[in-house]
Amino acid sequence: ILSDEFIVNDNYPNPFNPVTSITYQIPFDADVNITIYDMNGRVIKTLLDGKQSAGHKSILWNAKDNKNELVSAGIYLYTIKAGNYRKTRKMVLIK
């Protein structure tokens, strides 16, 4: 059942190695951006930047950056933006 609110779940598993899943729900069609940042605010990976239809969604991150290189263990942030909505959560990559 689709609710009329945005829902961003914690990634699973967390901590993870080497892949984690980010699940979320958007209540209406929107331009969606999902970006991974390091703790210094640098963009590590853009997972999604485009139109999505309303519904429950899931996306995987394989601990690689925008150059397709594995990142080091540590704490990362992921931000989901859709319309005026923005949510940031923390995740931990272990090696």
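For the single chain, residues carry numbers from 1 onward in sequence order. Note that the structure is predicted; figures quoted are calculated from it, not measured.
- In plain terms, the two heavy atoms of Ile80 and Val8 that are nearest each other are CD1-CG1, 3.7 Å.
- Of all the heavy atoms in Asn40 and Asp38, the pair that sits closest is N-OD1, 2.9 Å.
- When the salt bridge (charged side-chain N to carboxylate O under 4.0 Å, His left out) test is applied to Asp29, no partner is found at least two apart in sequence or on another chain.
- Grouping the Ile, Leu, Val, Met, Phe, Trp and Tyr side chains by contacts below 4.5 angstrom, directly or via other members, places Ile34 with Phe28.
- Taking both residues in full, the closest heavy atoms of Ile36 and Trp61 are given as CG2-CH2, 3.7 Å, listed atom of the first, atom of the second, then distance.
- In this structure, Asp65 CG and Arg42 CZ are separated by 11.5 Å, a value rounded to the nearest 0.5 Å.
- Side chain of Asp4 to main chain of Pro27: no donor-acceptor pair is present (N/O by atom type, distance under 3.5 Å, no hydrogens or angles).
- Minimum interatomic distance between Thr20 and Phe16 (heavy atoms only, all atoms of both residues): CB-CG, 3.5 Å.
- Note that the CD1 atom of Ile22 and the CG atom of Leu60 stand 8.5 Å from one another [nearest 0.5 Å].
- Separating the CG atom in Asn33 from the CD atom in Gln52 is a distance of 10.5 Å, to the nearest 0.5 Å.
- Across all their heavy atoms, Ser58 and Tyr24 have their closest contact at N-CE2, 4.4 Å.
- Considering all non-hydrogen atoms of both residues, Met91 and Asn14 come closest at CA-OD1, 3.4 Å.
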Let me see the working for Ile44 and Tyr37 under side-chain contact (heavy atoms from CB on, under 4.5 Å), right down to the final yes or no. CA-CA 5 Å; Ile44 299 300; Tyr37 299 90; 5.5 Å; no
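- Put simply, the side chain of Phe6 reaches to within 4.5 Å of the side chain of Ile26, judged on heavy atoms.
- The distance from the CG atom of Asn17 to the CG atom of Leu93 is 6.0 Å, given to the nearest 0.5 Å.
- Residue pairs meeting the side-chain hydrogen bond (donor to acceptor under 3.5 Å, both in side chains) criterion with at least one partner in residues 71-95, sequence neighbours excluded, are Asp10-Arg89, Thr79-Thr88.
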